[in-house]
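Data block below; observations after.
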Amino acid sequence: MTEELGPGTGPLLPDWLPPEIDQTKAHPARMYDYMLGGKNHFEVDREAAEVVMRATPAARAMVTENRAFLGRAVRHLAEAGITQFLDIGTGLPGVGNTGEVARAVQPEARVAYVDYDPIVAVHSRALLSGDETRTAVVLADVREPKKILGHPQVLELLDFDQPVAVLMVALLHFVGHDEDAAGIVAAFRDALAPGSALVISHGTDGGQPEVSAAARKGWDNAKSNLVVRERAAIEAFFGDFDLIEPGVVQLPRWRPDGPVREDWETIWLEGGLAFKR
Ligand SMILES: C[S@@+](CC[C@H](N)C(=O)[O-])C[C@H]1O[C@@H](n2cnc3c(N)ncnc32)[C@H](O)[C@@H]1O
């Protein structure tokens, strides 16, 4: 039922949906969009997101804080002179997307967006068409680093002999404990030139494992389940890169550009930004 996409999406999506868009399982990008107040979700996504929000009333705030972290991190990178971005697990493009933030500082910034959800690719291509010299949209899975790093569109847009910022924002908690998340991130780190950067944000259990487990049930019937990791595991994803201050912390406390919300402890997402020497 295409109407379920709601008004406002008409110009971006045709009145039919590509068959690869699966409406039987919740999808992280569409759940996230629902929590952000967007319009690109189906019944199955809303139901799953409601499970999460019932268990952790701060879920919406977490999503908003995550998006704000992405913005601060990209601005920091652009101000540090980075002009190439590989944004993996892009999500549905919205206000404050990576290209928009980066180009406010570096007008020629190039961004390759990578996501495994076809609806993200459909939206991103529609929204970003006409900007192919600065933008690529690639449908690929982070668990296949070689495919991403060797993808013709990525290689055409980004020069890996020069600094590239790899963004994995609210992504790696969709890579399970039974998968080689550390090896996946290492493959990306190894492909980067000195001066490159890595940005990660990741879910934690907030010190309340039972509440966290109840919230994560929202992803039980999703395309990917959500797993949490502790700060030490999140730090380890940065390998020998140099984390900038304040290191890996709860997102509202990461280089805030205003007063830090008093309830920052309810934001169960931690993240950081590091440069390759
Ligand atoms: C919570 S959203 C985060 C969006 C954006 N990075 C942000 O922080 O605002 C997670 C995104 O990661 C994508 N994703 C999840 N697992 C993935 C995988 N294995 N490979 C590529 N993308 C994936 C989802 O489709 C979704 O768009």
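Note: hydrogens, waters and symmetry copies are ignored here, and every other heavy atom, side chains too, is used. Start at 1 and go down the list; that is how both ligands and their atoms are numbered.
In this structure, G71 and V101 approach most closely via the heavy-atom pair O-CG1, 3.5 Å. Here the closest non-hydrogen pair linking A112 and V154 is CB-CG2, 4.5 Å. What you find for A197 and L77 is that their closest heavy atoms are CB-CD2, 3.4 Å.
Polar contact check, R67 against ligand 1: a nitrogen or oxygen pair lies under 3.5 Å apart. Inclusion of G91 in the set of residues having an N or O under 3.5 Å from an N or O of ligand 1 is warranted. At under 3.5 Å, a nitrogen or oxygen of V142, whether backbone or side chain, sits near a nitrogen or oxygen of ligand 1. Of the N or O atoms in A170, none lie within a sub-3.5 Å distance of an N or O in ligand 1.
Atom 12 (O) of ligand 1 has its closest protein heavy atom at G89 CA, 3.4 Å. Of the protein's non-hydrogen atoms, the one nearest atom 22 (N) of ligand 1 is Y116 N, 3.3 Å. Y32 OH, 3.2 Å is the protein heavy atom nearest to atom 7 (C) of ligand 1. In this structure, atom 19 (N) of ligand 1 lies nearest to the protein heavy atom D141 OD1, 2.8 Å. Of the protein's non-hydrogen atoms, the one nearest atom 27 (O) of ligand 1 is D115 OD2, 2.6 Å.
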Would you be so kind as to tabulate the donor-acceptor pairs closer than 3.5 Å made by side chains of residues 189-196, with sequence neighbours excluded?
unit_1 : atom_1 : unit_2 : atom_2 : d
R189   : NH1    : F237   : O      : 2.6
S196   : OG     : V164   : N      : 3.0
S196   : OG     : V164   : O      : 3.4
S196   : OG     : A193   : N      : 3.4
S196   : OG     : A193   : O      : 2.6

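Of all the atoms in ligand 1, the ones that sit under 4.0 Å from a non-hydrogen atom of D117 are 25 (O). The distance from ligand 1 to the heavy atoms of A29 drops below 4.0 Å at these ligand atoms: 25 (O), 26 (C), 27 (O). Set against the non-hydrogen atoms of R143, the atoms of ligand 1 under 4.0 Å away are 19 (N). Here is the list of ligand 1 atoms found below 4.0 Å of a heavy atom in N66: 7 (C), 8 (O), 9 (O). Of all atoms in ligand 1, listed by their number and element, those nearer than 4.0 Å to a heavy atom of A140 are 20 (N), 21 (C).
Every side-chain contact (heavy atoms from CB on, under 4.5 Å) that E179 has, sequence neighbours left out, goes to R143, V175.
Closest heavy-atom approach to atom 5 (C) of ligand 1 among the candidates L269, T90, V199: T90. When the options L172, I119, V169 are ranked by their closest heavy atom to atom 3 (C) of ligand 1, first place goes to V169.
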Does the pair F188 and V142 meet the rule for a side chain to side chain contact (heavy atoms under 4.5 Å, CB included), with working shown? CA-CA 10 Å; F188 286 97; V142 71; 3.9 Å; yes

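With F69 as the aromatic partner, R255 does not meet the cation-pi criteria of under 6.0 angstrom to the ring centre and within 45 degrees of the ring axis.
Here the straight-line distance linking atom CG of L139 with atom CZ of R125 works out to 6.5 Å at 0.5 Å rounding.
Around CD of E132, the count of heavy atoms belonging to other residues, nucleotides or ligands within 6.0 Å exceeds 12. Environment of NZ in K217: sparse, with no more than 12 heavy atoms of neighbouring residues, nucleotides or ligands closer than 6.0 Å.
At least one heavy atom of L171 sits less than 4.0 Å from an atom of ligand 1.
Ring geometry for F275 against H76 counts as tilted: the plane angle lies between 30° and 60°, on a 0 to 90° scale.
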